[in-house]
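Worksheet: the structure to be examined is printed underneath.
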Amino acid sequence: MSKIYPDVGSALADVVEDGQTVAVGGFGLCGIPEMLIHGLRDSKVANLTVISNNAGVDGVGLGLLLESRQVRKMVSSYVGENAEFERQLLAGELEVELTPQGTLAEKLRAGGAGIPAFYTRTGVGTLVAEGKEEREIDGARYLLERSLTADVALVKAWKADRAGNLVYRKTARNFNPVVATAGRVTVAEVEELVETGDLDPDQIHTPGVFVQRIVVNPAPTKHIEQRTVRQG
């Protein structure tokens, strides 16, 4: 069966539903599957739990889903660039599970690898530890953290072949590989589609076995979150 879909609507059709957990790749606005996020907004599904490092910015990326009130809960490590995210959190309108960034990455990696939980020293003695099992190992205290999986994973890649093998470009790689493995159904937005066999096997970051659907976005916007220029 072909993994290539002609547009976002067909790629997400019969995949997204109310109440699902959706994992989304990206870091800030870098490497976000912007077209798939627009498609998720247009699908009008609601009551979502979204796993993502952050929630974009106001009006861009996952900020669109916050504005449309489609998100019930965010599992994130950083929320500082989105005023609507902050407003909903402080108003009690949005449930937020703040997670240390490395722990979040490992939760997704472990989930994709079939590991249900793991021990980490991160968060011991802080609010992160509340309600979690602790264990002493070799004289140090560790927290037991449950791994994360998602009903649907949305990722952004630079190139894909028709078998679904993905290559990410530079820092746009970020959370995308671990998100791709953590989804029961993974949909990839790619800039370039090549024939199977054209990619160097040693350069493939996500094997095609993890990817069920592909949609091509040849001209992504690539917003800049914080622009810094040299003063003359």
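Since this is a predicted model, take the numbers as computed values, not measurements.
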Nearest atoms (heavy-atom pairs only) where [X] meets [Y]:
X	Y	result
Q212	T186	OE1-N, 2.7 Å
G125	A129	N-CB, 4.2 Å
V15	V152	CG1-CG2, 3.6 Å
E225	G28	OE1-CA, 3.0 Å

May I ask whether [X] and [Y] are part of the same hydrophobic cluster, defined by side-chain heavy atoms of I, L, V, M, F, W, Y residues being less than 4.5 angstrom apart, directly or through others?
X	Y	value
L64	L62	no
L166	V216	yes
V211	V167	no
L193	V187	no
M35	I214	no

- Query: Take atom CZ in R141; do more than 12 heavy atoms of anything else shown fall under 6.0 Å from it?
  - Reply: yes

- E86 atom CD, neighbour heavy-atom count above 12 within 6.0 Å: no

- Query: Which pairs pass ring-ring contact (aromatic ring centres under 6.0 Å, His included) with one or both residues in residues 37-94, sequence neighbours excluded?
  - Reply: none

- Message: Taking ring-ring contact (aromatic ring centres under 6.0 Å, His included) as the cut-off, I'd like each qualifying pair that reaches into residues 156-206, sequence neighbours left out, listed once.
- Response: Y168-H205

- P33: which of V190, V215, L154 passes side chain to side chain contact (heavy atoms under 4.5 Å, CB included): L154

Once salt bridge (Lys or Arg N to Asp or Glu O under 4.0 Å) is applied, do any residues pair with [X], and if so which ones, sequence neighbours excluded?
X	answer
E195	R162
E93	R69, R87
R72	E95

Heavy-atom side-chain contact between [X] and [Y] under 4.5 Å:
X	Y	result
L98	V79	yes
E97	K73	yes
I32	V24	no
V75	L148	yes
I51	T21	yes

Who else is in [X]'s hydrophobic cluster (ILVMFWY, side-chain heavy atoms under 4.5 Å, direct or via others)?
X	result
Y5	none
L143	V124, V128
Y119	I137, Y142, L144

Distance-only donor-acceptor pairs under 3.5 Å for side chains of residues 178-185, two or more places apart:
from, atom 1, to, atom 2, distance (Å)
T181, OG1, V178, O, 3.1
R184, NH2, D151, OD1, 2.2

Gap separating the [atom1] atom of [X] from the [atom2] atom of [Y], nearest 0.5 angstrom:
X	Y	atom1	atom2	answer
T149	L108	OG1	CG	9.0 Å
S77	F27	OG	CZ	6.5 Å
L199	D161	CG	CG	4.5 Å
L65	L40	CG	CG	5.0 Å

Could you tell me whether the side chain of [X] and the main chain of [Y] form a donor-acceptor pair under 3.5 Å?
X	Y	answer
K3	G208	yes
T103	T99	no
S147	I115	yes
N165	P207	no
T120	T122	yes
Q70	N47	no
N174	C30	yes

- Query: Taking only residues at least two apart or on different chains, which pairs with a member in residues 107-117 satisfy side chain to side chain donor-acceptor pair (under 3.5 Å)?
  - Reply: E106-R109, K107-E145

- Worked verdict on N54 versus S76 for side-chain hydrogen bond (donor to acceptor under 3.5 Å, both in side chains): CA-CA 5 Å; N54 58 288; S76 303; over 6 Å; no

- Task: Keeping to residues at least two apart or across chains, list the salt bridge (charged side-chain N to carboxylate O under 4.0 Å, His left out) pairs with something in residues 35-63.
- Result: none

- Among pairs that include at least one residue of residues 14-37, which meet salt bridge (charged side-chain N to carboxylate O under 4.0 Å, His left out), considering only residues two or more places apart or in two chains? D14-R213

- Message: The test is side-chain contact (heavy atoms from CB on, under 4.5 Å); show your working for N82 and L66 and say whether it passes.
- Response: CA-CA 10 Å; N82 193 309; L66 291 175; 3.9 Å; yes

- Using the side-chain contact (heavy atoms from CB on, under 4.5 Å) rule, take Q101 and N53 through it: C-alpha gap first, then chi angles, then the decisive distance, then the call. CA-CA 7 Å; Q101 195 166 90; N53 178 66; 2.9 Å; yes

- Task: Walk me through it: do Q20 and V45 pass the test side-chain contact (heavy atoms from CB on, under 4.5 Å)?
- Result: CA-CA 9 Å; Q20 286 182 322; V45 294; over 6 Å; no

- Item | Working for side-chain contact (heavy atoms from CB on, under 4.5 Å), residues L29 and V60 | CA-CA 8 Å; L29 299 180; V60 182; 3.8 Å; yes

- Message: I'd like to know if E191 and K222 make a salt bridge, using a cut-off of under 4.0 Å between side-chain N and carboxylate O.
- Response: yes

